[in-house]
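Below you'll find the structure, written out as structure tokens, and then a few comments.
Just so we're on the same page: letters track the sequence lines, and every chain starts at 1.
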2 protein chains.
Amino acid sequence: MNARPTMQDVARLAGVSIKTVSRVVNNEPRVDPDTRARVQATIDELGFRRNEQARSLRPGQSSSLIGLVSGDLGNPFYSAIARGIEEVAYEHGHLLLTASSEEQPARERQLLETYLQHNVAGLIVAPTLDAAHTITPELLRGVPLVSVDRPVSDPDPFDTVLLDNRAGAYRAVTHLIHDGHTRIGIIDGNPRVYTGQERTAGYLNALRDAGLTPHPNLMIHGHHGAQHAEQATHQLLSQDQRPSAIFATNNRIATGVIRALHARRRTLAVASFDDFEFADVINLPLTLVSYDAMDLGRAAARRLLQRIQGDTSPPQRLTQPVTLRVPGEAH
Amino acid sequence: MNARPTMQDVARLAGVSIKTVSRVVNNEPRVDPDTRARVQATIDELGFRRNEQARSLRPGQSSSLIGLVSGDLGNPFYSAIARGIEEVAYEHGHLLLTASSEEQPARERQLLETYLQHNVAGLIVAPTLDAAHTITPELLRGVPLVSVDRPVSDPDPFDTVLLDNRAGAYRAVTHLIHDGHTRIGIIDGNPRVYTGQERTAGYLNALRDAGLTPHPNLMIHGHHGAQHAEQATHQLLSQDQRPSAIFATNNRIATGVIRALHARRRTLAVASFDDFEFADVINLPLTLVSYDAMDLGRAAARRLLQRIQGDTSPPQRLTQPVTLRVPGEAH
DNA sequence: ATGAAAGCGCTAACAC
DNA sequence: GTGTTAGCGCTTTCAT
């Protein structure tokens, strides 16, 4: 329980003033080498480390804290983003606070406020639906914010890092069409979610460019999570004009589709946004839109650090690339 | 870029002293209701929120920060733990800092030091190998630490939250034996890792209690990650006395085993520590040791909060339960 | 019930 | 090259 030593303690023991200790700690130039050595020795002896909290209390000195609010850190997609942010933040001497909004706007706002109370230097948020109403410049008071995966609103007052959702979906569906499929079903989640909207748009564009007409019976929306996607798959396969392939707009949905096909002992081409580890072991023809979620985090963190360092250019929208992966196919 | 208002600003505008504002903010009793209302109105008007950094600078006032160092936040196991910690921390008004040691002791120590510089109230760490040499009471200076998933050392000077590794492995292997298997292979990772040691011990106990003799050719150690486990599986299946079942000591290894079996188009009973989403869709007889990783985090956080609140009882070792899951079997 | 003043650990401005 | 002083935003005696 020995109390933590302060600069004052070091100064006393080394027989110098507190300012000299500060100079040594901060590697300022104008210090006598002998003095520096003596002070450093005392620092080591006492195990002194600067109190960052006191340091960043001074005006101008921003704290080295970055706050992240994502939907659910337990979701591998978000934790990969967090990992990417963490990596870049760490390289630049910043620390990362993490919390989950559970997709509730009120909680999201509460978390951002708490972060601001702790003097974070910047914020990264994977916004909930309706974030546009709660995340405002007045709330932020000049603290920079970068949104990731989804925009806060459109047009967006903040920097935003997104996946190329539309192109990814377009390519996956086009790949199915090239394989001869003409009746391609789509299962999407909540139609208000940005990523799903973009991916659905990509699907429609692919059909249109191939001269195919989208069929309402082949498009199921408003379903959420693997459970509902499983039902939706059964529904698609129980009707007269069955699809020969299904595009799932994310991996939760893909999981449901695969479960349903497994239950029916039925083989169908499945395309999906999001890659997954067991893709190679599933006995189905798969077409996956793959990407590195950590890169989303890295890009968001880099942009945020630029803002923290004073960049005041207009808000940017950064789009991260995606690739098509067909398990079992040579490349 | 309007500067953040301070208590001083509120005091001036409300025509009271800063101390009265402080009393209102902290809900202290001895304030005139009228004064309180007037101050509160000013607070709302200005959007004032207490600067937590300044607050916790006062001695005695511990910060509301908790620091987590895990091996890799991108690993779903660790991110689930983080999510559990976050949940409990949030309920108690604490915030969570996260970082990844990448299993490097030097980085782990560096991160802990940085956390301590930021005046964290407590620490949770999933220790690397060799953490015993770098995580010492001198480093911590009275800041409480709880280790999770693995002990820092044995006997452990810190509270520790573990899975019931031995019992889980014992039950899984016993289940295989009841199904008639007598030649059961085991593939483990780095033999220095605590969890692997315990799970291997459970495997050996199960064999012994069933009157079976462990065979060196059926035990493969020192392999790391899915890649090596794939090779190890091929090795096990290429020898004369082939196993009829394989126990994988974690899900990375299980992934490798399943990959290898898929490549060989071979069906074999597979038992594994760690459950996974696609277990139900894999066409293999599976026996899984399942548990809730979030609970590990919750338990660690609860223990840490007790320490932060002044508990000085001797270090505890908490063991979290595991269950057996056999996909496709009724329960 | 309210306020004045000191001080937490540090850095910036300005001596010397 | 080195030291003195003031002050960041807050809480805590101790007065009034």
Side-chain angles (χ1 to χ4, degrees), chain A residues 2-40 42-43 46-65 93 116-121 141 143, chain B residues 2-40 42-43 46-65 114 116-121 141 143:
Chain A
N2 38 1
R4 171 176 181 173
T6 70
M7 276 195 179
Q8 199 55 262
D9 298 331
V10 176
R12 240 181 325 253
L13 222 97
V16 296
S17 86
I18 181 177
K19 178 69 227 199
T20 300
V21 179
S22 173
R23 287 198 175 93
V24 172
V25 168
N26 295 297
N27 269 313
E28 286 177 37
R30 321 191 135 259
V31 181
D32 182 277
D34 286 355
T35 315
R36 184 183 296 272
R38 189 154 40 88
V39 170
Q40 189 57 56
T42 313
I43 287 174
L46 258 49
F48 166 83
R49 275 185 304 280
R50 176 175 64 190
N51 183 332
E52 285 298 327
Q53 206 135 303
R55 180 184 125 89
S56 54
L57 196 56
R58 298 308 314 283
Q61 311 272 5
S62 87
S63 89
S64 48
L65 262 31
L116 290 166
Q117 278 189 244
H118 283 265
N119 264 2
V120 292
R141 292 182 189 282
V143 174
Chain B
N2 39 359
R4 172 178 181 172
T6 71
M7 275 194 181
Q8 200 54 260
D9 298 332
V10 177
R12 241 180 325 252
L13 222 98
V16 295
S17 86
I18 180 178
K19 177 68 229 197
T20 300
V21 179
S22 172
R23 286 198 176 94
V24 172
V25 168
N26 295 296
N27 267 312
E28 285 179 39
R30 321 191 135 260
V31 181
D32 182 279
D34 286 354
T35 316
R36 185 184 296 273
R38 188 155 39 89
V39 170
Q40 188 58 55
T42 313
I43 288 174
L46 258 51
F48 166 83
R49 275 184 303 279
R50 175 174 65 189
N51 182 331
E52 286 297 328
Q53 207 136 306
R55 180 183 125 90
S56 54
L57 194 57
R58 298 310 313 280
Q61 312 272 7
S62 87
S63 89
S64 49
L65 262 32
T114 307
L116 289 167
Q117 279 190 238
H118 283 264
N119 265 1
V120 291
R141 292 183 190 281
V143 174

Check the interface with nucleotides 14-16 of chain C: list each N/O to N/O pair with the protein under 3.5 Å, or write none.
none

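Residues satisfying the salt bridge (charged side-chain N to carboxylate O under 4.0 Å, His left out) test with A:Arg38, not counting sequence neighbours, are none. B:Glu28 pairs by the side chain to side chain donor-acceptor pair (under 3.5 Å) definition with nothing, not counting sequence neighbours.
Once rounded to the nearest 0.5 Å, the distance linking OG of A:Ser56 with CD of B:Gln53 reads 3.5 Å. Note that NZ of A:Lys19 and CZ of A:Arg23 are 5.0 Å apart. Values are rounded to the nearest 0.5 Å.
The listed nucleotides are C:dC10, C:dT11, D:dC10; the one nearest the side chain of A:Asn51 is C:dC10. With D:dG9, C:dG9, C:dT11 as the choices, the nucleotide that has an atom nearest any side-chain atom of A:Ala54 turns out to be C:dG9.
Across the protein-nucleic acid pair, B:Arg55 atom CZ and C:dG9 atom C1' stand 17 Å apart, rounded to whole Å. Regarding A:Gln117, its CD atom lies at a distance of 13 Å from the C1' atom of D:dC10, rounded to whole Å. Going from atom CD of A:Gln53 over to atom C1' of C:dC8 covers 11 Å, rounded to whole Å. We find that CG of A:Leu57 is positioned 9 Å from P of D:dC8, with the value rounded to whole Å. In this structure, CZ of A:Arg49 is placed 15 Å from C1' of C:dG9, rounded to the nearest angstrom. The separation between B:Arg50 atom CZ and C:dC8 atom P is 20 Å, rounded to whole Å. In this structure, B:Glu52 places its CD atom 10 Å from P of D:dC10, rounding to the nearest Å.
Side chains of B:Arg36 and B:Asn27 form a contact here, defined as non-hydrogen atoms less than 4.5 Å apart. Contact check for A:Asn119 versus A:Leu65: no side-chain heavy atoms found under the 4.5 Å cut-off. Proximity of B:His118 to A:Ser64: side-chain heavy atoms (C-beta onward) are separated by under 4.5 Å at one or more points. Side-chain contact between B:Pro5 and A:Arg141 is present, with at least one heavy-atom pair separated by less than 4.5 Å. Two residues are said to be in side-chain contact when any heavy atoms from C-beta on lie closer than 4.5 Å; A:Arg50 and A:Asn26 meet this criterion. Side-chain contact between A:Arg55 and A:Val25 is absent, with no heavy-atom pair separated by less than 4.5 Å.
A:Val21 and A:Val39 make their closest contact through CA-CG1, 4.2 Å (heavy atoms, listed as atom of the first residue, atom of the second, distance). Pairing each heavy atom of B:Ala11 with each of B:Ser17, the nearest pair is CB-C, 3.7 Å. The two residues A:Met7 and A:Ser22 come nearest to each other via the heavy atoms CE-CA, 3.6 Å.
Within residues 7-20 of chain B, the residues approaching DNA chain D are B:Met7, B:Ile18, B:Lys19, by heavy-atom distance under 4.0 Å. Less than 4.0 Å separates DNA chain D from at least one heavy atom of each of the following residues of residues 25-39 of chain B: B:Asn26.
Over its length, the helix from C:dA1-D:dT16 to C:dC16-D:dG1 turns its helix axis by 40°, as judged from the five terminal pairs at each end, rounded to 10°.
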Intermediate values then yes/no, side chain to side chain contact (heavy atoms under 4.5 Å, CB included), B:Leu57 and A:Asn51: CA-CA 9 Å; B:Leu57 194 57; A:Asn51 183 332; 4.3 Å; yes
